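Given the structure is predicted, the values throughout are model-derived calculations rather than measurements. One-based numbering, in listed order, for ligands and for the atoms of each.
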Amino acid sequence: MGGRRQRIDLGDDEASNKKQKADDDNAEAEAQTHNPWTGLPYSQKYYSILKKRFTLPVYQFKQELLKKVMANQCVVVEGETGSGKTTQIPQFLLEAGLASQGETCIACTQPRRVAATSIAARVADEMDVQLGQEVGYTIRFEDVSDPNRTVLKFVTDGMLLREAMHDSLLSRYSAIVLDECHERTLATDVIMGLLMEILPKRTKGSKHGELKVVVMSATLDAKKFQEYFNDAPLMKVPGRTFPVEVFFTAKAERNYVEAAVRTTLHIHQCEEPGDILVFLTGEAEIEQACEEIRKTAGSMARDHGELVVYPLYSSLPPEAQRKIFSAAPKAQVAGGPPGRKVVVSTNIAETSLTIDGIVYVVDPGFSKQKVYNPRIRVESLLVSPISRASARQRSGRAGRTRPGKCFRLYTEQSFHKDLQETTYPEILRSKMSNVVLTLKKLGIDDLVHFDFMDPPAPETLMRALELLNYLGALDDEGEMTELGYQMSELPLDPQLAKLILVSPDYGCSAEIVTIVAMLSVPQIFLRPREQAKAADEAKAQFTHADSDHLTLLRAFNEYNMVPERERKNWCWENFISERAMISANNVRNQIIGIMKRLDLAYVSSDIKGDGSFSSMDIRKALTAGMFMQVAYRQRSGEYLTVKDNQNVAIHPSSVVNNRQDWVIFEEFALTTKNFIRTVTSTNVDWLVELAPHYFDLENFPKCEAKGELEKAYLRMSKMCKR
Ligand code: ADP
Ligand code: MG
């Protein structure tokens, strides 16, 4: 125990004192026979994990950390990935008595859902308790915690922000551990700003007691965070890392997925034993790479050992996610070549989750990143080059257990010239409508003077205020309306929230809530590459030619009519993801719960009760919520977004053909082309009827759509006269 490195940083005496103290603590912990939380005897598994925990670098800093936390309201912790920050530090705070069952709780925030759920499960194991009892998690639409029992909760940063809407001083919490702060996600930045308001109100002796904050990260600009949190002290946990040899390619790679597969197989053939971590950008790419690696690896097994391949991305079922932690396969025959594990992952393995045993990293240099263009009001996820800081983090993953190698699939010149030093904080590349609505709800009116670590661009804030005003959430003075309050209760994008709120007026809230739930889960319709034709035929049964939204609705209704025990089969036969359906159903029930609270009528256009619906009412309701995302077909046959005049094409996955004049769309995807996805045909008369304040011709750019809108207004005024 005790890495060699630590002795370099500290005087020898101090280091050995520290080690002695840590050893004493550990011996004491090992002597405990009963779990203080449950009163039950500890299991065998508990002790075996405990031994491993003692070897984590943070253990030697436990006393120092607790001393700093006791003396300060806020502490910044910087420590190498894998040093034990996320799993251990919240437990240290618990042991120090910071939480008490049924009264106060410790929260640890995570930018990603997968990290929150997976770490919660790990920590529950470490504490020898059942997940959802003493240790739990809360992510959007999923709460696995118990207000009377949970003392440590892993939450996505977005969920903590939601909680603040109902508990503005976060009074339930005695300590908040903000993890992965270097990522600077939008929600983390907003929470930090919020904490700046809360901390002075939650000092020692205040009504809800003192709130402690621990700001953690692998590599952060510690100074910046320390200064922001009123000169908070810093605790540095030296990592136990081994040298990593970095290789670049001589020429730029044209296809990075293919290059990543090739490199992985090459490592398996030519390099010493040790597991491989490959970074790709998303589910489709990852599944494709896994398949290709498996295909070739099978024939190499006899000479080079077995190669098991695990994907890792957020929409993967939890059982599959856990597999990445299993050990590499043993040699198939005694004395034969040992097996190897390959994990092909999104950015999540960069710092959030540590996989032991990785010796080789394959880094193509890309990740999916949010970009926002306020001029055309478009936010997209775009595959973009990573930063140099990310590249260093990725290579660091290879040196956790012994010296490793990192293969960067780009040139050294590109690393120095093309990559940025760090990624811009998300707040500078996101739309802000959701955040602005939340902040307004929290009573923060002066957005311009809110203490953001990096303030968003004024144009982005303007756009958000404008959108909320068009939706009727804010009045012309920027004050929150009753509708705005109701919208903020729904954990949805403002447009979808509005859609839910207006749906009873159109007699179809039952259908709209289904559609919104289906939009909230990824990938309902599966389309495996080798069965694309069969999958398309299956989807055709649900197709509603006017609308992707109605196609989703139809699929859900059919699924719902299948008896429960036959659903698995039904999903399989129809190329529908059962897991997505189950979570859509769960989301649906939760939104219905909120609708009840808000006193919204649950009405269906299905009068016969046979799963049929009124396409017109639903499309009209959709238009009432989504009138700001409309495209019009030009005489040339091309679509142009209305008001922003962007050329777009209907995505090939859509069921809507190119013959519809007016369409509303859910998503604007920037890829090789500007695509609009999840589309429904609408009509111009509805647009002028439902949103005259938006389709205000006086301030309308010149375009073909304008002529059609003028005609529609004329028709409407004639109707009114009659
Ligand atoms: P940090 O937050 O400093 O990056 P963590 O606390 O996440 O570090 O992880 C510390 C160690 O805990 C890892 O190196 C790994 O050995 C172990 N660990 C974490 N999660 C799991 C898990 N789900 N299964 C097995 N081991 C895990
Ligand atoms: Mg961590």
Inset, instruction - Could you tell me whether ligand 1 has any atom less than 4.0 Å away from a heavy atom of G79? - result: no

Legend entry - For atom 27 (C) of ligand 1, closest protein heavy-atom neighbour: R122 NE, 3.4 Å

Legend entry - Nitrogen or oxygen atoms of E126 and ligand 1 under 3.5 Å apart: no

Inset, instruction - Starting from atom 8 (O) of ligand 1, locate the nearest protein heavy atom and write down its residue, its atom name and how far away it is, to 0.1 Å. - result: G84 N, 3.2 Å

Inset, instruction - If you have a sec, work out which protein heavy atom is nearest atom 23 (N) of ligand 1 and how many Å separate them, to one decimal? - result: F325 CE1, 3.3 Å

Legend entry - Any N or O of L56 closer than 3.5 Å to N or O of ligand 1: no

Legend entry - ligand 1 atoms in contact with K85 (distance to a heavy atom under 4.0 Å): 1 (P), 2 (O), 3 (O), 4 (O), 6 (O), 8 (O)

Inset, instruction - Look at the side chain of K153 and the backbone N and O of I106, then say whether any donor-acceptor pair between them is shorter than 3.5 Å. - result: no

Inset, instruction - May I ask you to test the S174-L98 pair for a side-chain heavy-atom distance under 4.5 Å? - result: yes

Inset, instruction - Around atom 7 (O) of ligand 1, find the nearest protein heavy atom and jot down its residue, atom name and distance. - result: T86 CB, 3.9 Å

Inset, instruction - Give the intermediate values and the outcome of side chain to side chain donor-acceptor pair (under 3.5 Å) for residues Q369 and E426. - result: CA-CA 9 Å; Q369 292 167 29; E426 203 178 65; over 6 Å; no

Inset, instruction - Would you check whether Q88 has a nitrogen or oxygen atom less than 3.5 angstrom from a nitrogen or oxygen atom of ligand 1? - result: no

Inset, instruction - May I ask you to decide whether E80 forms a salt bridge with K236, counting only side-chain N to carboxylate O separations under 4.0 Å? - result: no

Inset, instruction - Start with the C-alpha distance between Q73 and N230, add both sets of side-chain angles, then the distance that settles side chain to side chain donor-acceptor pair (under 3.5 Å), and finish with yes or no. - result: CA-CA 10 Å; Q73 220 179 346; N230 307 321; over 6 Å; no

Inset, instruction - Decide whether an N or O pair under 3.5 Å exists between S83 and ligand 1. - result: yes

Legend entry - Short N/O/S contact of S352 with the Mg ion (ligand 2) (below 2.8 Å): no

Legend entry - Ring geometry between F415 and Y410 (parallel below 30°, tilted from 30 to 60°, perpendicular above 60°): parallel

Inset, instruction - Could you tell me whether the side chain of K212 and the main chain of V75 form a donor-acceptor pair under 3.5 Å? - result: no

Inset, instruction - May I ask whether R400 has any heavy atom positioned less than 4.0 angstrom from an atom of ligand 1? - result: yes

Inset, instruction - Measure the distances from the heavy atoms of S118 to every atom of ligand 1 and state whether one is below 4.0 angstrom. - result: no

Inset, instruction - Measure from the side-chain N and O atoms of R388 to the backbone N and O of T422, and report whether any donor-acceptor pair falls under 3.5 Å. - result: no

Legend entry - Identified ring pair (Phe, Tyr, Trp, His ring centres under 6.0 Å) counterpart of F407 within the set F248, Y256, F247: F247

Legend entry - Closest protein heavy atom (residue, atom, distance) for atom 16 (O) of ligand 1: D356 OD2, 2.5 Å

Inset, instruction - Please indicate whether any nitrogen or oxygen in G82 is less than 3.5 Å from any nitrogen or oxygen in ligand 1. - result: yes

Legend entry - Nearest-neighbour protein heavy atom for atom 12 (O) of ligand 1, which is reported as residue plus atom name and distance: T87 OG1, 4.3 Å

Inset, instruction - Please determine if S352 has a nitrogen or oxygen closer than 3.5 Å to a nitrogen or oxygen of ligand 1. - result: no

Inset, instruction - Kindly state whether the ring of F92 and the ring of Y59 have centres lying under 6.0 angstrom apart. - result: yes

Inset, instruction - Take S100 and E103 through the side chain to side chain donor-acceptor pair (under 3.5 Å) test and state the conclusion after the steps. - result: CA-CA 6 Å; S100 90; E103 285 169 28; 3.2 Å; yes

Inset, instruction - Check each atom of ligand 1 against the heavy atoms of T81 and keep those under 4.0 Å away; list them by number with element. - result: 4 (O)

Inset, instruction - May I ask whether E80 places a heavy atom under 4.0 Å from ligand 1? - result: yes

Inset, instruction - Examine distances only and state if a side-chain atom of D167 and a backbone atom of S171 form a donor-acceptor pair shorter than 3.5 Å. - result: yes

Inset, instruction - Output yes when the distance from some N or O of ligand 1 to some N or O of D179 is under 3.5 Å, and no in every other case. - result: no

Legend entry - Closest approach of any protein heavy atom to atom 13 (C) of ligand 1, naming residue and atom: T354 CB, 3.9 Å

Inset, instruction - Without swapping roles, check the side chain of N148 against the backbone of Q101 for a donor-acceptor pair under 3.5 Å. - result: no

